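These numbers come from a predicted model, not from an experiment. In what follows, residues are counted from 1 in the order of the sequence shown.
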Amino acid sequence: MSASTSGGGGLSSQAAAALQEGIGLVFGRWTALQMAVENGWGGRDSRAKADRLAADVLSFFTNSKGPYYYDDLEEMMFDSISESFNADFEDGSVGEVAEQVLIMHEECLQNNYSSIEKLRNTRAQGNAVSQSRMMVTDEGDDSSDDSSDDDDGDEPARADDMSVDEPKPSKPAPDADGWTVVPPKRGGRGKN
């Protein structure tokens, strides 16, 4: 998608305000960015750095006349994330967000705010980061931990907070039929 989405033309103040809201809604649902903020990848001012990225994206459209190219926006976002958060989002989300913002910009030029209205009306079901944590813990064990929403995000993750595979019990446990599987001895001792 290296073709421009818009030949230029300025946004009205109403359209610029709608685009700013749309960018905020998209960024608020962007899991990789929210993880970077909550885990403090950008230091203490991670939230401010994410807000600055949103402002830079809006400025990309409001302070230049276009045409606006997908590759330019994606590269600007990659560079900003790399510099601000010392991270490279390799999940393809930067391109997806750039494409979504370009589509919103094109719609705003036509005074069409339907995608922004849709984002506004389809409320995000909880925090994107807590949802991803929930999916990871649901796959790994049967316990449910709903307290992850209480994180303030300013502290880095501690080693005792991270999920780690539990060590295997040293004593074999019988299975459902009452049989006990005895593991082989290690190190080859006892062989003649």
Side-chain angles (χ1 to χ4, degrees), residues 1-133 135-136 151 153-154 156-157:
M1 177 182 217
S2 21
S4 69
T5 62
S6 169
L11 291 169
S12 67
S13 59
Q14 179 186 8
L19 182 59
Q20 181 178 14
E21 179 186 4
I23 291 168
L25 290 168
V26 170
F27 278 29
R29 295 169 189 210
W30 187 2
T31 304
L33 180 64
Q34 294 308 313
M35 286 181 71
V37 169
E38 287 192 22
N39 291 313
W41 296 356
R44 293 181 186 200
D45 58 343
S46 292
R47 170 59 54 199
K49 289 179 178 181
D51 293 343
R52 193 169 333 133
L53 175 61
D56 289 347
V57 170
L58 180 64
S59 177
F60 177 83
F61 295 107
T62 58
N63 292 340
S64 64
K65 291 207 177 217
Y68 306 102
Y69 292 98
Y70 167 82
D71 293 338
D72 294 339
L73 178 59
E74 183 184 37
E75 183 178 337
M76 183 270 295
M77 291 171 63
F78 263 120
D79 291 347
S80 182
I81 289 166
S82 180
E83 183 179 314
S84 298
F85 296 103
N86 196 26
D88 291 323
F89 297 172
E90 295 180 355
D91 60 352
S93 63
V94 176
E96 291 173 11
V97 169
E99 184 176 7
Q100 190 170 10
V101 170
L102 281 166
I103 290 168
M104 282 192 302
H105 173 258
E106 181 67 23
E107 290 176 353
C108 286
L109 283 172
Q110 300 166 4
N111 294 322
N112 174 2
Y113 309 114
S114 62
S115 62
I116 297 167
E117 190 70 32
K118 187 175 181 181
L119 281 172
R120 190 183 307 135
N121 292 333
T122 56
R123 192 171 180 103
Q125 297 176 0
N127 183 320
V129 176
S130 61
Q131 283 182 349
S132 67
R133 286 182 185 151
M135 289 180 69
V136 168
D151 278 345
D154 292 336

Using side-chain heavy atoms (C-beta onward) and a distance below 4.5 Å, is [X] in contact with [Y]?
X: Ser12; Y: Asn111; value: yes
X: Val94; Y: Trp30; value: yes
X: Thr122; Y: Arg29; value: yes
X: Thr31; Y: Met35; value: yes
X: Ser80; Y: Val57; value: no
X: Phe61; Y: Leu102; value: yes
X: Val101; Y: Met77; value: no

Between [atom1] on residue [X] and [atom2] on residue [Y], distance to nearest 0.5 Å:
X: Glu106; Y: Leu19; atom1: CD; atom2: CG; value: 11.5 Å
X: Asp51; Y: Asp56; atom1: CG; atom2: CG; value: 11.0 Å
X: Lys118; Y: Leu25; atom1: NZ; atom2: CG; value: 13.5 Å
X: Asn112; Y: Ile103; atom1: CG; atom2: CD1; value: 11.5 Å
X: Leu119; Y: Tyr113; atom1: CG; atom2: OH; value: 15.0 Å
X: Leu33; Y: Lys49; atom1: CG; atom2: NZ; value: 12.5 Å

Which heavy atom in [X] sits nearest to a heavy atom in [Y], and how many Å separate them?
X: Phe89; Y: Ala36; value: CZ-CB, 4.1 Å
X: Ala50; Y: Phe85; value: N-CZ, 3.8 Å
X: Ser46; Y: Gly42; value: OG-N, 2.9 Å
X: Gln34; Y: Phe27; value: NE2-O, 2.8 Å
X: Ile116; Y: Cys108; value: CD1-SG, 3.7 Å
X: Val26; Y: Met104; value: CG2-CE, 3.7 Å

Exercise for the section: Determine whether the side chains of Glu96 and Gln100 contain a donor N or O and an acceptor N or O closer than 3.5 Å. Expected result: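 Glu96 vs Gln100: no donor-acceptor pair found between side chains.
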Examine distances only and state if a side-chain atom of [X] and a backbone atom of [Y] form a donor-acceptor pair shorter than 3.5 Å.
X: Ser82; Y: Phe78; answer: no
X: Asn39; Y: Trp41; answer: no
X: Asp88; Y: Glu90; answer: no

Handout entry: Partners meeting ring pair (Phe, Tyr, Trp, His ring centres under 6.0 Å) with Phe60 (sequence neighbours left out)
Key =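 Per chain and number, Phe60 pairs via ring pair (Phe, Tyr, Trp, His ring centres under 6.0 Å) with Tyr68.
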Practice task
Just jot down the side-chain hydrogen bond (donor to acceptor under 3.5 Å, both in side chains) partners of Thr62, sequence neighbours excluded, or say none.
Solution key: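 Partners of Thr62 by the side-chain hydrogen bond (donor to acceptor under 3.5 Å, both in side chains) criterion come out as none, since no residue qualifies.
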Problem - Asp45 atom CG, neighbour heavy-atom count above 12 within 6.0 Å - result: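 Counting other residues, nucleotides and ligands, CG of Asp45 exceeds 12 neighbours.
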